[in-house]
Each structure stands twice: as structure tokens, then as C-alpha cells.
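Structure record follows, encoded as C-alpha cells.
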Amino acid sequence: MDSSMQSRVRAEEVRHDEGKIKVLHAWIERLCDPQENLCAVLNKNLAQRLDGSLVGDCNDPEIHRRVGSVSLKGITSLDELEILEEESDDQEVDGPVNIRKLDDTIFEGNYDNGVPHGYFRHLNDFGDLEFFGCFFRGTLVGLCWKSLPGGGFLISRSWDFSDSNMIYLYPDCRTGLVGSFQGCELKAAQPCEVMSCARTVADSVPVPLMSRPSGDIYSFDPASPAVFCRAPSLPDPYESLFVEVKPSQIKDAGEGLFAKINIDVGTVISFYNGVRVRSGHDWEKPTPYKMVLDETSDIDLPENMTSLENYRATLGHKVCHCFEPNCETDVFFHPRFGLIRCIATIDNIKAGEEILINYGYNLSYAPTWYKVAWAKHQKVVRGLPDWKTALFMNNIQLGSRRESWLSDYNA
């Protein structure tokens, strides 16, 4: 079964089997569950079923299956292991390992005379799956898994996730890209979808069976001040399932983002791409679309890319503001754009409903429209007589109606 995994993963004629897709989804939930010592369960009695015939592909130079070591520090190659052994005084590990740290880091596995042998799983302190895979005396068996910030998964035949026939699963674990990756960086891949699943490694682990990849070819395309997007009209296949742009229902808001289907709470539905800039530092042309990315960086969308005529590779910048939102933003690692923001639901949303987030501007330099919206919201929640009273009580001054957003921002 495992020796033919490549052809099975890219099977051209796989029948859709919703029952098996549910089995796969249940497995993925278990894979990321920190409460269970998953590897202890999987490694039990595995020795009787695990043998060298399951390895396969170990002589293919493009597929990296042999490892030197597997530990909390990461996975090393055989060459790296030789260097580390010369510099380290660590004792050889033998038998099962189950490390659970106070910061919620988890590391499980099994060694045979110091060599990785059996299943290994590493969850970091954010709950992301750093690695899951099975080894036969230091050689990867079947496929290994890795999750990315925001909810996507990489599935590969190489322990370093560099593979010409690799799967990326979007957060719904139904939509995917199959093609060539170098680590987390997408080289060239096409859209496909999960049709079913098959079990590997002595029938112990489900893996997705994908439809035949087809359509547009996607590649790594991070935004930069020089070139924001090489293919600005190429939509994201996952985002296109959930949202569309239409005139907003909010007065004078222009365009907004709307749900195309009924969406459950906790679903990533859209992406917010932008040029990465240092937090607290403007680049040449800051815009009202600037958003915090992480502790050290912001992302911003050039004003000439706000129109759908010029840019539709992501649609998150079209979402409108509300102080009672149905969505929020989060960090997301996208295989095409790198580390960006995403929009995720915090309520169940019906088809046709407008997607709304709280922009969360600092009132001291927020644009005038935001200050007025905030004041009107305070009138409702606090029972103030009018919105101007809310502004007065919080010592907030309005800018001139003639001032642009940038004038307010730079004031």
C-alpha cells in the first residue's frame, strides 16, 4: 500500500465518499488533540506490523525519508546528526517518550537503541502540529503531517516537507492544493479537493485521497513594495467558496463582503494580504487598510489595489466595520502569500449575510467616520441622549469633513 502512495494521493479517478471524509476529519481532530497520548496508542503493538517493506522511496534523491534524530529541538538529517553527536554529551534515548511541558508543548515518540522507530508527534506551545509521522529505524514510513498558523496542513513524503507531489489542505480540510513545495513555500501547485481517504502504515492512519489537480497554477507570491502581487486577478480557490463582494448594506460604506453559503462559527472564510511594514512605522503611502500583523509588523494594502479591477487575489480588505461584528481577524500562514491575516467567523452566518469585523482603531487618531460610528454605538449601549454627547464625555474631537483619512491618520 505505502509503495504506491504517490499514485494514490494523486489518483485521477477517486470516487467521492463522504463517509470516509468524515473519518479523515475525525482523525485530524485527534491528531491535534493535546489531551491524548496519541503516539502511545498508535505505537502499541505496532512492532509486529512495522517492517522495512513499508518504507519505499528511500532511494529517491528528491524525497528525504532518512533522519538522523527526532527531538523537541526538531528533526535533523544524518549529516547533521554526526556533527551534533560530536558536540553533544546527551545520553542515547531508548523506548517510549512522552514530554508534556508547562507551556503546553507536547512531544511523543519511541526510540529503538537511540533510533526513531514508531510514531512521533510534536505540538508547540500554540497548539500547532510541528510534526507527525512514523519511522522504521530512522526512515519515514508513509506520509508526515504539519499544521500551519491559522489551520492549514501540509502532507508530505519527505520529513522536511520538500516534495514535488505534496498536499496542502485549507482549514476546511476539503479544499487543497497539490504540487511542488520547498518547506512551507509553494513552488507550483493546482487546486483539488478531498474525495475520500485510505489507511497507511499497516492500516493505522488515514490519509486524504485527492481529486485530480486541475486549473490555474499557484506559486509563492508574497507582497512587496515593488510588486504587490504577480497574479492580482487570480482568486483564492478556498476563499471563493465562502465569500463574494457586493455593495455594502452600511450607508456610505461602498463595497462589502458577503457570505455565499451558510457558514459555521469558527470558520476561516477570507484572507487579508498586504505589504509587510515595521509596527509603528509608515511606509511610503500608508492607507486606511493598514492592519496589525503580529507583535513586530503591520500589513498594508496599496490604495491602487483596493479595487477589484486591479486586485482580487484576496478579498479580506473589502470587509466593513461594525462594533457588533460577526467575524474577527487572526494570523494565517498562506502557502501563496506567506504570513498574513485571515477573517474567521465568531457567529453562525447565513448565506447572503454581510461579513463584519471591528476595526479596533485607536480613537486618538481614528478617522472621523469611525469616531462618529463609535459615538453612535455608545449612545445605544450606554443610553446617552445623542452621539455628540458620547464624543464630549470622552473628550474626542472630530476632524474637518474635508480632511481625508490620511490627514486624520497622520495628525
Side-chain angles (χ1 to χ4, degrees), residues 126 128 148-152 171 184-186 220-232 236 239 243 245 253-257 268-308 310-323 325-346 355-371 373-374 396 399 403-411:
F126 292 103
D128 296 322
L148 300 174
C184 298
E185 186 174 311
L186 171 62
F220 193 53
D221 190 12
S224 71
V227 180
F228 182 73
C229 185
R230 295 194 306 269
D236 184 83
E239 184 180 52
V243 295
V245 176
E255 292 177 323
L257 202 61
V268 173
I269 59 172
S270 185
F271 303 114
Y272 196 102
N273 188 25
V275 177
R276 193 163 182 165
V277 295
R278 279 195 303 160
S279 180
H281 293 74
D282 294 339
W283 60 306
E284 292 182 359
K285 296 181 179 180
T287 77
Y289 296 92
K290 187 175 179 181
M291 179 181 289
V292 172
L293 177 61
D294 54 29
E295 294 83 358
T296 62
S297 304
D298 298 335
I299 54 174
D300 202 354
L301 184 76
E303 201 152 15
N304 66 333
M305 288 293 171
T306 61
S307 168
L308 291 182
N310 295 333
Y311 178 76
R312 58 176 64 238
T314 57
L315 301 176
H317 62 285
K318 289 297 184 179
V319 68
C320 289
H321 162 80
C322 180
F323 285 108
N326 52 22
C327 291
E328 63 182 4
T329 69
D330 200 356
V331 173
F332 191 92
F333 190 93
H334 196 288
R336 179 180 174 190
F337 306 110
L339 191 65
I340 56 172
R341 301 290 290 190
C342 69
I343 295 173
T345 59
I346 56 176
I355 307 301
L356 301 166
I357 65 171
N358 187 340
Y359 285 4
Y361 288 145
N362 186 320
L363 286 172
S364 63
Y365 56 77
T368 297
W369 71 261
Y370 184 88
K371 293 175 182 178
W374 179 87
I396 297 173
E403 290 178 308
S404 67
W405 188 93
L406 289 180
S407 297
D408 283 332
Y409 180 86
N410 293 323

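The structure presented is a predicted model; accordingly, all values stated were derived computationally and were not measured.
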Between [X] and [Y], which heavy-atom pair has the shortest distance, and what is it?
{"X": "Pro171", "Y": "Gly150", "answer": "CG-O, 4.0 Å"}
{"X": "Asp221", "Y": "Ala231", "answer": "OD2-N, 3.6 Å"}
{"X": "Pro335", "Y": "Leu186", "answer": "O-CB, 3.2 Å"}
{"X": "Asn358", "Y": "Pro325", "answer": "N-CB, 3.7 Å"}
{"X": "Lys318", "Y": "Ser307", "answer": "NZ-CA, 4.4 Å"}

May I ask you to test the [X]-[Y] pair for a side-chain heavy-atom distance under 4.5 Å?
{"X": "Tyr272", "Y": "Ile340", "value": "no"}
{"X": "Leu293", "Y": "Asp298", "value": "no"}
{"X": "Asp294", "Y": "Leu339", "value": "yes"}
{"X": "Ile269", "Y": "Glu239", "value": "no"}
{"X": "Cys184", "Y": "Leu148", "value": "yes"}
{"X": "Asn273", "Y": "Tyr311", "value": "yes"}
{"X": "Val268", "Y": "Phe271", "value": "yes"}

State the [atom1]-[atom2] distance between [X] and [Y], to the nearest 0.5 angstrom.
{"X": "Arg312", "Y": "Cys229", "atom1": "CZ", "atom2": "SG", "value": "12.5 Å"}
{"X": "Thr314", "Y": "Met305", "atom1": "OG1", "atom2": "CE", "value": "11.0 Å"}
{"X": "Ser270", "Y": "His317", "atom1": "OG", "atom2": "NE2", "value": "9.0 Å"}
{"X": "Phe228", "Y": "Leu301", "atom1": "CZ", "atom2": "CG", "value": "4.5 Å"}
{"X": "Asn326", "Y": "Ile357", "atom1": "CG", "atom2": "CD1", "value": "10.0 Å"}
{"X": "Leu308", "Y": "Asn310", "atom1": "CG", "atom2": "CG", "value": "9.5 Å"}

His334: side-chain hydrogen bond (donor to acceptor under 3.5 Å, both in side chains) partners, not counting sequence neighbours: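 Partners of His334 by the side-chain hydrogen bond (donor to acceptor under 3.5 Å, both in side chains) criterion, ordered by chain and then number, come out as Asp236.
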
Partner set under side-chain hydrogen bond (donor to acceptor under 3.5 Å, both in side chains) for Glu328, not counting sequence neighbours: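 Partners of Glu328 under the side-chain hydrogen bond (donor to acceptor under 3.5 Å, both in side chains) test: none.
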
Partner residues of Phe333 under the ring-ring contact (aromatic ring centres under 6.0 Å, His included) criterion, sequence neighbours left out: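 ring-ring contact (aromatic ring centres under 6.0 Å, His included) list for Phe333, sorted by chain: empty.
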
